[in-house]
Amino acid sequence: METITHPKVIFSGTTLIGKPVEKLTRTIGDLKGLFADQNAFEEQDTNQIAYEVESYFPVPEGTEGGLFFGITHIQPGTIGNEYMMTKGHSHVFENRAEFYWCIEGEGMMLFMDKDRNVWAEKMFPGSLHYIQGLTAHRVANTGESVLSFGACWPSDASHNYDLIAKNGFSKRLLKVNGEPQLV
Ligand code: PAN
Ligand code: ZN
């Protein structure tokens, strides 16, 4: 076995490159039910890409103590007066946290705790965001260009999408007079 090897995955600064990298694409159609303005949603091209996630899963899902790594690229734009955003989810276990950090573009990171309190942090290149276990998290692209951010989370975090899909966040991030506002 060679003792000096090339890394399996390279982070170019904006994207993940390498054989093990898995790519997930979410179209606007995949985000049905997320946006308040149904009429505006119906007018969208549902095949258009909303966001893409490049992930590196070095261990099987569920491995205790392992880590996963991903880069998400969210397209700019609004549907009605809501910004393009990720579905959002929480990690099932209280002790499974996550880091997000912004690479390029500008956005807003939304958090919601288990009592449905919502708050947001501005995202800009270099901003770092710590997500407690059980805290729902979602990102909205509030800029005019692609928003890319990195994420690192435990391989046994176990994602819960159902709660957000069913009940949403208790506040929406709207574009009001050209500015993001939590309403
Ligand atoms: C991220 C997210 C990614 C896409 O890797 O999965 O940004 O967002 P949704 O999963 O909410 O569609 C993460 O939070 N992993 O735990
Ligand atoms: Zn997560």
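Along the sequence shown, residues carry numbers from 1. Counting starts at 1 for both ligands and their atoms, in listed order.
- Among the atoms of H91, an N, O or S atom falls under 2.8 Å from the Zn ion (ligand 2).
- Those atoms of ligand 1 that come under 4.0 Å of a heavy atom in E98, given as number and element, are 1 (C), 13 (C), 14 (O), 15 (N), 16 (O).
- Nearest heavy-atom pair, A151 versus E98, reported as atom, atom and distance to 0.1 Å: CB-OE2, 3.4 Å.
- Looking at H137 against ligand 1, only its side chain comes within 4.0 Å, counting heavy atoms.
- Of all protein heavy atoms, the one lying nearest to atom 8 (O) of ligand 1 is T86 CB, 3.6 Å.
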Begin with the C-alpha distance, continue with both residues' side-chain angles, and end with the deciding distance and a verdict on salt bridge (Lys or Arg N to Asp or Glu O under 4.0 Å) for R26 and E52.
CA-CA 6 Å; R26 293 271 183 233; E52 290 168 294; over 6 Å; no
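- With a heavy-atom cut-off of 4.0 Å, F68 does not touch ligand 1 at all.
- Nearest non-hydrogen protein atom to atom 6 (O) of ligand 1 is H89 CE1, 3.6 Å.
- Nearest N/O/S atom of E98 relative to the Zn ion (ligand 2): this is OE1.
- Protein heavy atom at the shortest distance from atom 7 (O) of ligand 1 is T72 OG1, 2.8 Å.
- P60 and S155 make their closest contact through O-CB, 4.3 Å (heavy atoms, listed as atom of the first residue, atom of the second, distance).
- Atoms of ligand 1 found under 4.0 Å from any heavy atom of Y100 (numbered from 1 in listed order, with element): 1 (C), 2 (C), 7 (O), 13 (C), 14 (O).
- Geometry about the Zn ion (ligand 2) gives an angle of 80° between NE2 of H137 and NE2 of H89, rounded in steps of 10 degrees.
- Of all heavy-atom pairs spanning I28 and I79, the tightest one is CG2-CD1, 4.0 Å.
- Considering backbone and side-chain N/O atoms, R26 never comes within less than 3.5 Å of an N/O atom of ligand 1.
- Across every non-hydrogen atom of W153 and G70, the tightest pair is CZ3-N, 3.5 Å.
- The distance from ligand 1 to the heavy atoms of H159 drops below 4.0 Å at these ligand atoms: 15 (N), 16 (O).
- Annotation: F68 is not in aromatic contact with Y56 [ring centroid separation under 6.0 Å not met].
- Those atoms of ligand 1 with a heavy atom of Y51 less than 4.0 angstrom away are 4 (C), 9 (P), 12 (O).
- In summary, the atoms of ligand 1 found under 4.0 Å from a heavy atom of F149, numbered by their order in the structure, are 7 (O).
- Residue contacts with ligand 1: G88 is included, with a non-hydrogen atom under 4.0 Å away.
- Under the 4.5 Å side-chain heavy-atom criterion for Ile, Leu, Val, Met, Phe, Trp and Tyr, I131 and V139 are members of the same hydrophobic cluster.
- Nearest heavy atoms, P154 versus A97: CD-O, 2.9 Å.
- Aromatic ring centres of H137 and H91: separated by under 6.0 Å.
- Two residues are said to be in side-chain contact when any heavy atoms from C-beta on lie closer than 4.5 Å; M85 and F35 meet this criterion.
- With respect to the salt-bridge test (charged N to carboxylate O, under 4.0 angstrom), the residues K175 and E82 do not qualify.
- Atoms of ligand 1 lying under 4.0 Å from at least one heavy atom of H91, given by number and element, are 16 (O).
- Residue contact check: Y161 has heavy atoms under 4.0 Å from atoms 6 (O), 9 (P), 10 (O), 11 (O), 12 (O) of ligand 1.
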